[in-house]
Colleague: 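Structure in structure tokens, see below.
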Amino acid sequence: MFEKVLIANRGEIALRIHRACREMGVRTVAVHSTADANAMHVRLADESVCIGPPAARDSYLNMSAILSAAAITGADAIHPGVGFLSENADFAAMVEEHGIAFIGPSPEHLRLMGDKVSARRAAEGFGIQVVPGSAVVDPAAAAAEARRIGFPVLIKAAAGGGGRGMRLAHSEAELASQLPAAAAEAKAYFGDGALYLERYLDRPRHIEVQILGDGQGGVVHLGERDCSLQRNHQKLLEETPSPALDADARARLAAAAVGAMRQLGYKGAGTLEFLYRAGEFFFIEMNARLQVEHPVSEMVSGIDIVREQIRIAAGEALGYGQEDVSLAGHAIECRINAEHPVSFAPSPGTIASYHVPGGLGVRVDSALYQGYTVPPHYDSLVAKLIVHGAGRGECVMRMKRALEEFVIAGIDTTIPLHQRLVAEPDFIAGAYDIGWIGRFLAAP
Amino acid sequence: MFEKVLIANRGEIALRIHRACREMGVRTVAVHSTADANAMHVRLADESVCIGPPAARDSYLNMSAILSAAAITGADAIHPGVGFLSENADFAAMVEEHGIAFIGPSPEHLRLMGDKVSARRAAEGFGIQVVPGSAVVDPAAAAAEARRIGFPVLIKAAAGGGGRGMRLAHSEAELASQLPAAAAEAKAYFGDGALYLERYLDRPRHIEVQILGDGQGGVVHLGERDCSLQRNHQKLLEETPSPALDADARARLAAAAVGAMRQLGYKGAGTLEFLYRAGEFFFIEMNARLQVEHPVSEMVSGIDIVREQIRIAAGEALGYGQEDVSLAGHAIECRINAEHPVSFAPSPGTIASYHVPGGLGVRVDSALYQGYTVPPHYDSLVAKLIVHGAGRGECVMRMKRALEEFVIAGIDTTIPLHQRLVAEPDFIAGAYDIGWIGRFLAAP
Amino acid sequence: MAEPDDLRVDGDLVRALAALLHETGLTEIEYAVGDRRIRVVRGASPVVVAAAPAPAPAAAAAAPLAEPAGAVKSPMVGTVYLAAEPGAAPLVAVGDAVREGQVLLLIEAMKVMNQIHAPRAGRVSQILVADGAPVEYGQVLLVLD
Amino acid sequence: MAEPDDLRVDGDLVRALAALLHETGLTEIEYAVGDRRIRVVRGASPVVVAAAPAPAPAAAAAAPLAEPAGAVKSPMVGTVYLAAEPGAAPLVAVGDAVREGQVLLLIEAMKVMNQIHAPRAGRVSQILVADGAPVEYGQVLLVLD
């Protein structure tokens, strides 16, 4: 096992990793920008190193500063967390070249899954259905492809993610007019103008499967997560199991994901994301890293995903099979952002008072504390409220009462939005799709 | 189901009950003394009624004030919580006479279990071994009985509890000299000078079984709890499963407890307490109510014990059998008291800062908040920190890191004591008995 | 003219003013007589209030924060009655002079009627409860001048 | 009558007023008699400090809170060297006058030696790092007068 893990991230996920290390008896190094000198994970870590100014490109994305921090502290592993460098194959390779373990998949797998086209090709190779579509070679070929898969079609940046730069075309004329703009946008956002065309699915759900592989033949899944409640492609609330799946669909999905990861020889935690509609799953991408919403899978499986990541990176085998994993009850996570609950205007600032809900089945993952100042430089996620219950109904009621108890004063948060959400008949019925939040927020 | 439950208690257990009600869609009435006007459960409840001055006898033990509060608010059930009136058969009967449901066992069962002698007789009737001994009729009979069961013997108040008024006699001479003083003490503490004599067990463990019965034939157990870590008969830390039991002992214990409760037709949550030594269990008493340490059983079973109490009191059947109860992983609870961690001097006062640990497997049951003032009138329990993990080792490590994160400033608490405790080799090995804490604290 | 050694702090005065601040809800009092001057300020002390979730409405009307000097408070939880029996005239009315020990109100608790007696002689200046209303312990029932 | 130079701080008086502030929950007391006047204020600021758990020790020495005006800070994380090569004389010593742009120290990061230049001319008044020590971003390396 590692002696000392450097946590190359910030906020609640850095604290999450610190906690897992602490519980394994592994020492921690927090790295931080000058804006995060008072962050909770910095205060709790065994050691901390300031790696740069507030801008992420000069601190949390500064590979040489992070590697230098690992060198001066003698860390023998780096956990990249979520976002920042977590899916950067070059960083993973560089870490390993320095004789330090990268807590994540191999650089090859990061590279494979980091590009939508190669990821999709790999999925097809593993026998997983993908959304019909293909790379855009030229406008004429794109038009022919669009006719084959049927309008409306979605134009995406091949190197993109997070929903950025997606465009919908309902006709050949629209397609022709959208392509140049989409290419320019892709180039601007992602440094690569390559485009991708695919069938547009009407009101699908976003359903993903949590995988753990040890790279030694061991692969298990921890069930699916339904992340359909998204605003501008940002997930707001996730739950497991999905209220939309029956046992057959669930078994098919899990078998496809596990089979693919076994063929790939995948090492680490990862998530295969799918669109689901009317009994059919279409692979969209794989996140070859920890995900923000991993806690809901932990709540139903009892498996500490971050601990498993660390064990796997240290060369340990899973040591258990799918038959040893039992998924019990239901779990829901609300992402609490430092944003106005109606306008979604970011709301950094000082936490005037902070009181978290407690009791049975309630978990809070947050790096906030009373008196802490949320800096304006990073994303707005400040707390994850996760509840677990025997069934979905109990779980929804528990989330309601936990939201009632949660006090975060001094900044605006999305708690009031979540309170509205969990009282909505559609949510209570589990009847929502990836467009539901957009329609809900647009309603008068 | 009830419309409105009056919570006849205070502190964290009142909040615990409020939470269960809230999650069932049941409205809550908090009753409180003038000292508790700013208590968390009072703030969160749908309604609140001040029932008297700080002294418990005039407020939380004031039956007519509580019944009047139920009358003026229209509550259709009363949950007595833990302590105060929770085991008072007269109160339970009075509540029912007023047409209000008492969330607890029948007055008859409270009466049966409220007296050590009748409880012990009942246990023997159900085929459960008790510590050899009997009621003290006169000094000569007591001496004969002591010779039969063997010295040393323990002299207890028949109506007592909490370890008060217990005396050890190593010889007939000691027995003769102790009896009058013990009778006087029993009279002073419990209003009843009747005494009880039993075999003294050397370094036993305190192991208890959590039971749920619906009074309609349904009885399940939720495993045992090891509560051997006690200071002056006050539990400090509890865990489940007990590190001392093997599968056979565990099965025998559970079968005895479930069998007894089935014969009794017990309705409600209850706990049968045993002393355990060298493979043998001896019944000591039954707590016919919710217990402070119930959360550890909830963590491993996934069953909300307070919800079950409410459902049972509302006339519902359990609806599941022992085969549906699966006990997974390990759970530990640390009782955090407002006391100096070395001198145990009570430390009421204002909470200057409060920050609870979070993350996977961590639960906090506490009614504290920053700015709250712990009143000097009641017991010193201010928070319960409960952790759950796949195994005992993981659980102990999680408790360590959670204790590190817990901040309660402005008053003294027993957090530092718990930090010492979880680092002790004997605790880590699970090698402790009911005298361990006493020896640990007496060590230089 | 005050001598230098006259600058002693009158703790009782400050305490009295602090009590006035609390009672009145003011946050600052400044007082000057001739060349003597005192000013007391109370901060917005938001911690207690802010740290706690929004309080739920009380069942019965909460006792007023600043209670009048002649307040007669409820010694028990129950239902208050202003008259000895339904339809009868109220036991007392605003403006009535009452003797010490005179019955002012009745509170029913556990099906028992409890008489609430005047703690001293005086004149009824306010009646703060309605006939048949629920009352909690310590709630102000009426005020004697 | 007190002379101006008589205005010494009466510690006991301040302590007495501070105790009164605590006792009464006030945040400010101002008191004046004639030309003598005292005002004590209690801020509501301790929350930030109190709310956080005890900070863990930093890997490298934390930058001092109040940094000197002529502080030269590390632009990167790495290992600092005072000499151009092992065994050589230090690049600068306390008391040396340096030109703008002169190399003061070296920081090795990612196996690359980076020269740290004087931002302006001046005299080296303090060197705050040891040869071979790890440094973090923003850490004060040396001070120029």
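Values below: all heavy atoms of this structure, side chains included; hydrogens, waters and symmetry mates excluded. Note on naming: letters A, B, ... go to the chains in the order of the sequence lines (proteins, then strands), and numbering restarts at 1 for each one. Model, not experiment: these values are computed from the prediction.
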Colleague: Check whether any side-chain heavy atom of A/Glu405 sits under 4.5 Å from a side-chain heavy atom of B/Arg19, and report yes or no.
Modeller: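 Result yes, sub-4.5 Å side-chain heavy-atom pair found.
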
Colleague: Sub-4.5 Å heavy-atom contacts with chain B: which residues of residues 290-299 of chain A show up?
Modeller: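 Contacts with chain B: A/Glu298, A/Met299.
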
Colleague: Is B/Arg363 close to A/Val362 at the side-chain level, that is, under 4.5 Å between some pair of heavy atoms?
Modeller: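 Result no, sub-4.5 Å side-chain heavy-atom pair not found.
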
Colleague: Of the backbone (N, CA, C, O) and the side chain (C-beta and beyond), which part of A/Ile386 lies under 4.5 Å from a heavy atom of chain B, both, or neither?
Modeller: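 Answer is neither: A/Ile386 stays 4.5 Å or more from chain B.
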
Colleague: Around A/Glu3, counting heavy atoms of other residues, nucleotides and ligands shown, do more than 12 lie under 6.0 Å from its CD?
Modeller: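 Check fails, neighbour count at 12 or below.
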
Colleague: Suppose we screen for side chain to side chain donor-acceptor pair (under 3.5 Å). Which residues come up paired with B/Glu23, at least two apart in sequence or across chains?
Modeller: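 With neighbours one apart ignored, the set is A/Arg398, A/Arg401.
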
Colleague: Out of B/Met24, B/Arg307, B/Lys400, B/His388, return the one with the most heavy atom pairs under 4.5 angstrom to chain A.
Modeller: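 Among the listed options, the one with the most contacts to chain A is B/Arg307.
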
Colleague: Picking from B/Asp365, B/Val364, B/Leu15, B/Leu360, which has the most non-hydrogen pairs under 4.5 angstrom with chain A?
Modeller: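 Going by pairs under 4.5 Å, I would pick B/Leu360.
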
Colleague: Relative to chain A, which segment of B/Arg16 carries a heavy atom at a distance below 4.5 Å: side chain, backbone, both, or neither?
Modeller: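 It is the side chain, since no backbone atom gets that close.
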
Colleague: Could you tell me how the ring of A/Tyr369 sits relative to the ring of B/His355: parallel (under 30°), tilted (30 to 60°) or perpendicular (over 60°)?
Modeller: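 Perpendicular, since the angle between the ring planes exceeds 60°.
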
